[in-house]
Amino acid sequence: MQNQKTTKMRIQETLKDNICNFFNERYNTAIDKASIKIEKTKEGFEGDFSVNVFPFLRIAKTKPETLASDLGQYLQEKINTIQSVDVVKGFLNISLSDEFWKEFAQTSARTINFPSIYSNDKIVLEFSSPNTNKPLHLGHIRNNLLGESMSKILKLTGSRVIKVNLVNDRGIHICKSMLAWMKWGKGKTPADIGVKSDKFVGDFYVLFDKKYKEQVKELVEKGMSEDEAKKEAPLIKEAQELLEKWEAGDPETLKVWEMMNGWVYEGFDETYKKLGVSFDKIYYESQTYKKGKELVYEGLKKGVFYQKEDGSVWVDLTDAGLDQKLLLRSDQTSVYITQDIGTFIIRDNDYHADKYMYVVGNEQEYHFKVLQQILNKLGLDGSKVVHISYGMVNLPSGKMKSREGTVVDADDLIAEVIEKAKEKAEELGKLDNLEEETKRKTYEIIGLGALKYFILKIDAKKDMLFNPQQSVDFEGNTAPFIQYTHVRINSLINKAKNQGIDTFELKVVDKPIRTILKTLYEYPQIIAKAAKTLNPAVIANYIYDLARDYNQFYQTNPILKAENKDLKVSRLYVSQKVADYLKHTLSLFGIDIPKKM
RNA sequence: GGACGUGUAGCUCAAUGGAUAGAGCAACGGCCUUCUAAGCCGUAGGUUGCAGGUUCGAUCCCUGCCACGUUCACCA
């Protein structure tokens, strides 16, 4: 046990320690500290924190009310920051003294102390990981936002985070768009046509698919079975030949490949920039895909994998409750999982990290289980692999499918949401006096904020539904609501400063102020929960509560026109604090706040 | 068929085994000569998919069933 001053210790811990002592002294029973639940007192009851005594009735063998009031009395004797206690059924509601809250105000004025979760761990966090044959869509936005946000949250809880992107820049799908461009592109570039460069490439991918389907249809009409037609269509054969040429290092092919990928990266960078997403290191599959093969052969030598007569290599994972899994095809080419084995090793050599986290959709949960098991078999530590699994983004019509064109394009959506912010702002007319450039920036901050929040507020592991007809909200539980709260506070504070008031201080702790302080006090634990559960949505719920509580406060308590000076500076203090917290929480989502709105 | 997941208000989503299951949107009704109305207050809206079980207490845990989704490829 560290020798901490009790005032610095979280009050919940102090309470728990004393509750343990209570049961030790009175009932000679040691209870598990972790089993004690201390929560913020619910609205409508008198108190700051509540202890539920029901779980301890077995020990005490009395009525809940009796136990609660005995415990309350004990705690009040031991902890001097308790002002009063109140018993409702089995709940002991504890009110803390004004001094406690003033002390909290003073210490939190300097810094907020966040608990450390993966303490000092080095974490390599992979996210985004796009294919270079089509532009980004809403599903990628969710991935990118989750990754970027988790990196910030994990940093806050004491980890060193390295953000990496693994670009899927090779394979048959890339060859398809290359082939289409070579056949029908007439040597044109995105600049020639004036199309965003990743979309330009994506269009050729779609074109390939269209022509390919036509060929398949033709063959089927000639009497071929569909499966056979899919294999025999000239286009797919050409694409495969192109892939072979690429693997053989044919200069002509590589030239086209590099050029087209370059276009895609240019387009991606634009989208990443808008989303506020960045990486410390970018891996390219073309540079890492061979590594996995070596490891598979090594495993084969060690006898942890086995080879079938046709030459294909497998691993048997039935002892872990999984199936048998192919690692190398009979022609010795690698599959998806082979490459992931390779990239893990490369990454581990590069960083020697404690955890390798992957932000990847929940449809790949099985894949990651398999990966962990294989790494274990190879004598590596599969438990270092953490799959940050998130749900799919669905449309009212069902799942988004690139090839069927039922996707919400990332750039389109971003543009739409900024446009909507503009319309709304013009309607309200509050920005009319600003310069064009400032206006434009403001629309962007609000629109992108709305989009980011809209996605991140939903529990990461759950599927979510996006209705393009309704798009993204700007009212209620949204980023603009929170941004607006902040902007309004700033305006208030500026007015106060103009009146010559510049020291805000907590002198009065009345009920409305206390309500806000209680919420502020929770913040570090909220962050801890978000880090533990790998879910930024926890924070969104919190920000919204805070902003709503404050708006209520603002609406019912005059601040600049408070009855007396003490009340005025106290309310200003609380306002300032809320603004600081809102800004901090929003920054974890990569959301900015405009000066005016 | 096996594995995993989801099912809460008309819609989109909340709710560490606890107090009266909450918000927003949509609907209806109030509040701007007073700190920015992207705000605030109110009304209405629920058999938490169904049936059992565990317990002082279940939206949450267990079992069975129903519905939906994902996954189990010599695709990535």
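We name chains A, B, ... by the order of the sequence lines, and we start the count at 1 in each one. This one's a predicted model, so the numbers in the text were calculated from it and none came from an experiment.
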Practice task
Indicate yes or no: at least one non-hydrogen side-chain atom of A:Asp48 is less than 4.5 angstrom from one of A:Ile94.
Solution key: no
Practice task
Residues of residues 439-458 of chain A with any non-hydrogen atom less than 4.0 angstrom from an atom of RNA chain B: list those, numerically ordered, please.
Solution key: A:Ile446, A:Ile458
Problem - Pi-cation contact, A:Trp314 with A:Lys308 (under 6.0 Å, within 45°) - result: yes
Exercise for the section: Determine the interatomic distance between P on B:U16 and the same-named atom on B:C35; round to the nearest Å. Expected result: 39 Å
Exercise for the section: Rounded off to whole Å, could you give me the CG-to-P distance for the A:Asn131 and B:C75 pair? Expected result: 16 Å
Handout entry: Contacts of A:Tyr284 that satisfy side-chain contact (heavy atoms from CB on, under 4.5 Å) - sequence neighbours left out
Key = A:Val167, A:Asp169, A:Tyr265, A:Ile282, A:Ser286, A:Gln287
Exercise for the section: Look at all strands and tell whether A:Asn498 reaches a base, only sugar-phosphate, or nothing, counting heavy atoms closer than 4.0 Å. Expected result: nothing
Exercise for the section: Using a cut-off of strictly less than 4.0 Å, decide whether A:Lys462 has a side-chain nitrogen or oxygen near OP1 or OP2 of B:A14. Expected result: yes
Exercise for the section: Measure from the side chain of A:Val88, starting at C-beta and using heavy atoms only, and say which of B:A76, B:G39, B:A19 lies closest. Expected result: B:A19
Problem - Phosphate OP1/OP2 of B:C41 contacted by A:Gln552 side-chain N/O (<4.0 Å) - result: yes
Exercise for the section: Anything under 30° is parallel, anything over 60° is perpendicular, the rest tilted; go ahead and classify A:His367 against A:Tyr336. Expected result: parallel
Handout entry: Pair A:Tyr358 and A:Phe368, ring centroids less than 6.0 Å apart
Key = yes
Practice task
Kindly assign one of parallel, tilted or perpendicular to the pair A:Phe49 and A:Tyr521, based on the angle between their ring planes and the thresholds 30° and 60°.
Solution key: perpendicular
Problem - Proximal nucleotide (of B:G39, B:C4, B:U70) relative to the A:Glu363 side chain - result: B:U70
Exercise for the section: Name the nucleic acid region contacted by A:Ser50, choosing base, sugar-phosphate or nothing; use a 4.0 angstrom heavy-atom cut-off, strictly under. Expected result: base
Handout entry: Protein-to-nucleotide contact annotation, 5' to 3' order, nucleotides 57-63 of chain B [B base; S sugar-phosphate only; - none; under 4.0 Å, heavy atom]
Key = -------
Handout entry: Other residues, nucleotides, ligands: >12 heavy atoms within 6.0 Å of A:Lys441 NZ
Key = no
Exercise for the section: Check the geometry between A:Tyr366 and B:A3 and answer yes if their rings are stacked (centres below 5.5 Å, planes below 30°), otherwise no. Expected result: no
Exercise for the section: Just call it for A:Glu39: base, sugar-phosphate, or nothing, with non-hydrogen atoms closer than 4.0 Å on any strand. Expected result: base
Handout entry: Aromatic centroids of A:Tyr205 and A:Phe208 separated by under 6.0 Å
Key = no
Exercise for the section: Remember a base hit wins even if backbone is also touched, and classify A:Glu427 as base, sugar-phosphate or nothing at under 4.0 Å, heavy atoms. Expected result: nothing
Problem - C1'-based separation of B:A26 from B:U12 [nearest Å] - result: 11 Å
Handout entry: Secondary-structure string, 5' to 3', Watson-Crick or G-U under 3.5 Å, | for another-strand partners, for RNA chain B
Key = (((((((..((((....[...)))).(((((.......))))).....(((((..]....))))))))))))....
Handout entry: Ring geometry between A:Phe481 and A:Tyr544 (parallel below 30°, tilted from 30 to 60°, perpendicular above 60°)
Key = tilted
Completion exercise
Taking B:A23, B:C4, B:C13 as options, the one with an atom nearest any side-chain atom of A:Lys369 is B:C4
Practice task
For side-chain contact (heavy atoms from CB on, under 4.5 Å), just list the numbers for A:Lys568 and A:Asn564, CA-CA rounded to whole Å, side-chain angles, deciding distance to a tenth of an Å, and then say yes or no.
Solution key: CA-CA 6 Å; A:Lys568 191 166 166 177; A:Asn564 60 62; over 6 Å; no
Practice task
Using the C1' atom as the reference point in each nucleotide, state the distance between B:C31 and B:G69 in Å, no decimals.
Solution key: 45 Å
Fill in the blank from the handout: Per-nucleotide protein contact along nucleotides 27-36 of chain B, 5' to 3', at a 4.0 Å heavy-atom cut-off (B base, S sugar-phosphate only, - neither), is -------SBB
Exercise for the section: Among B:G69, B:A19, B:C25, find the nucleotide with the atom closest to the side chain of A:Glu475. Expected result: B:C25
Practice task
Scan A:Lys424 against the nucleic acid and name what it touches under 4.0 Å (heavy atoms): base, sugar-phosphate only, or nothing.
Solution key: base
Practice task
Assign A:Phe466 to base, sugar-phosphate, or nothing according to its heavy-atom contacts below 4.0 angstrom with the strands shown.
Solution key: nothing
Handout entry: Residue A:Leu465, side-chain atoms from C-beta onward, closest of B:U12, B:U16, B:C4
Key = B:U12
Handout entry: Cation over ring face, A:Arg142 and A:Tyr390, 6.0 Å, 45°
Key = no
Handout entry: For A:Val472, all residues meeting side-chain contact (heavy atoms from CB on, under 4.5 Å), sequence neighbours excluded
Key = A:Val417, A:Ala450, A:Leu451, A:Phe454, A:Phe466
Completion exercise
All heavy atoms of A:Ala540 vs all of A:Tyr453, minimum pair found to be O-OH, 3.2 Å
Practice task
From the options B:G39, B:A14, B:A76, select the nucleotide whose nearest atom is closest to the side chain of A:Phe481.
Solution key: B:G39
Exercise for the section: On RNA chain B, check which nucleotide each of A:Trp314 and A:Lys40 is closest to and give me the residue with the more 5' one. Expected result: A:Lys40
Practice task
May I have the distance from A:Asn535 (atom CG) to B:G5 (atom C1'), rounded to whole angstrom?
Solution key: 15 Å
Handout entry: Of the listed nucleotides B:G69, B:G18, B:A23, the one nearest the side chain of A:Phe54
Key = B:G18
Problem - Side-chain N,O (A:Lys399) to OP1/OP2 (B:C68) below 4.0 Å - result: no
Practice task
Give A:Asp459 one of three labels, base, sugar-phosphate or nothing, depending on what nucleic acid heavy atoms sit under 4.0 Å from its own.
Solution key: sugar-phosphate
Handout entry: Side-chain heavy-atom pair A:Ser95, A:Asp86 within 4.5 angstrom cut-off
Key = no
Exercise for the section: Return no unless some side-chain N or O of A:Arg58 is found under 4.0 Å from OP1 or OP2 of B:C56. Expected result: yes
Practice task
Measure the shortest side-chain to side-chain distance between A:Ile31 and A:Ile59 over non-hydrogen atoms and say whether it is less than 4.5 angstrom.
Solution key: yes
Fill in the blank from the handout: Comparing A:Pro55 with A:Asp323, nearest RNA chain B nucleotide closer to 5' gives the residue A:Pro55
Exercise for the section: Decide yes or no for A:Leu146 and A:Asn535: does some side-chain heavy atom of the first lie under 4.5 Å from some side-chain heavy atom of the second? Expected result: no
